[in-house]
Amino acid sequence: MPSPLSGSFTHSARFDAAPPQVFAAFAEPALRRKWFRQPGDRSRQTYRLDFREGGTEVATAVFAPTHDAEEHIEYDSHFWSIVPDERIVLSYGLRLDGVLRWAALRTILLTPEGDGTKLELAEQYRFFELTEHPEHDVAHLEGSARLQLNGLAAVLAELTARR
């Protein structure tokens with residue numbers, strides 16, 4: 001068995017929404033569900049959010065990368081620290097077809113910046129099961145985080161346009 005692969009990355013983004021609005025997009029299940037998505041058929045997904053210290057977020061999905069194969073994805077997180085409008089610290093694991101692929105610690109900091117918010121996301125990860133191309137695994141993980149931030153930006157833009 002190959003050695004586990006560890007690493008970290010950071011992403012930052014600026015939103016034209018105040019920290020309470022950005023925080024709400026994490027805390028309110030209806031808003032969170034708009035931008036935190038699993039791949040695959042939405043009718044075959046489950047989602048549950050208990051946004052509080054000690055709470056969890058669980059999402060499952062079935063993804064068919066080819067017509068003759070399905071992948072069952074399970075995301076399971078635990079919230080360690082939540083400071084409204086300022087900080088969210090969580091750990092999570094991702095299982096693919098019942099096998100733990102990776103686990104991570106993610107810290108999200110929200111800082112007022114002008115009329116908006118600067119978001120800093122830092123993630124430390126450890127892969128336990130790698131594909132034949134581990135560099136693709138890491139790129140996929142980092143890219144997924146960036147896609148989530150893009151989805152968050154779209155939801156926040158929609159919310160601020162309504163004001």
Side-chain angles (χ1 to χ4, degrees), residues 8-65 70-97 100-125 136-163:
S8 64
F9 61 87
T10 59
H11 290 305
S12 62
R14 188 189 181 288
F15 303 109
D16 291 329
Q21 290 175 301
V22 178
F23 185 81
F26 282 89
E28 295 176 20
L31 289 176
R32 174 91 165 134
R33 193 72 177 120
K34 285 184 176 185
W35 64 271
F36 179 80
R37 297 180 172 220
Q38 300 290 332
D41 180 356
R42 298 264 301 177
S43 69
R44 296 181 72 188
Q45 296 180 1
T46 64
Y47 181 76
R48 187 179 75 247
L49 175 65
D50 178 13
F51 190 78
R52 61 179 175 82
E53 286 187 5
T56 60
E57 180 175 39
V58 178
T60 65
V62 178
F63 178 61
E70 288 186 343
E71 295 178 342
H72 296 263
I73 302 164
E74 303 168 50
Y75 168 91
D76 189 5
S77 72
H78 179 90
F79 296 102
W80 294 99
S81 176
I82 298 174
V83 177
D85 309 335
E86 293 179 22
R87 179 180 69 224
I88 303 165
V89 180
L90 63 102
S91 59
Y92 75 93
L94 188 119
R95 293 181 183 277
L96 184 62
D97 293 329
L100 180 64
R101 289 285 315 282
W102 72 82
L105 174 66
R106 180 177 281 187
T107 302
I108 298 155
L109 301 177
L110 305 175
T111 308
E113 188 173 90
D115 291 339
T117 302
K118 179 180 179 183
L119 180 147
E120 294 178 68
L121 180 151
E123 183 156 321
Q124 298 166 300
Y125 59 83
H136 295 192
D137 294 339
V138 172
H140 174 80
L141 181 60
E142 287 193 47
S144 294
R146 177 53 64 196
L147 283 173
Q148 287 178 7
L149 292 179
N150 290 345
L152 174 58
V155 167
L156 291 170
E158 180 183 312
L159 289 174
T160 56
R162 290 183 195 164
R163 287 192 294 162

Value rounded to 0.5 Å, distance of OG1 in Thr56 from CG in Leu90: 11.5 Å
Short side-chain to backbone donor-acceptor contact, His11 and Glu142, under 3.5 Å: yes
Under the side chain to side chain contact (heavy atoms under 4.5 Å, CB included) test, residues paired with His136 that sit two or more places apart: His133
From Ile108, Leu105, Leu141, residue fulfilling side-chain contact (heavy atoms from CB on, under 4.5 Å) relative to Glu123: Leu141
Check: Thr117 side chain, Phe15 main-chain N or O, donor-acceptor pair, under 3.5 Å: no
With Asp97, the side-chain contact (heavy atoms from CB on, under 4.5 Å) member among Glu74, His72, Glu70: His72
pair Gln148-Leu152: side-chain heavy atoms closer than 4.5 Å: no
NZ/NE/NH1/NH2 to OD/OE distance under 4.0 Å, Arg14 and Asp16: yes
Listed partners of Thr107 passing side chain to side chain contact (heavy atoms under 4.5 Å, CB included), at least two apart: Val89, Leu109
Face-on cation placement of Arg32 at Trp35 ring, 6.0 Å and 45° thresholds: yes
Name of the residue among Tyr47, Phe36, Trp102 meeting ring pair (Phe, Tyr, Trp, His ring centres under 6.0 Å) with Tyr75: Phe36
Side-chain ion pair, Arg101 and Asp137, N-O less than 4.0 Å: yes
Side chains of Tyr92 and Tyr125 in contact at under 4.5 Å (non-hydrogen atoms): no
More than 12 heavy atoms from other groups under 6.0 Å of CZ on Arg48: no
For Phe79, ring-ring contact (aromatic ring centres under 6.0 Å, His included) partners two or more places apart: Phe51
Main-chain N/O of Ile82 paired to Glu53 side chain as donor or acceptor, under 3.5 Å: yes
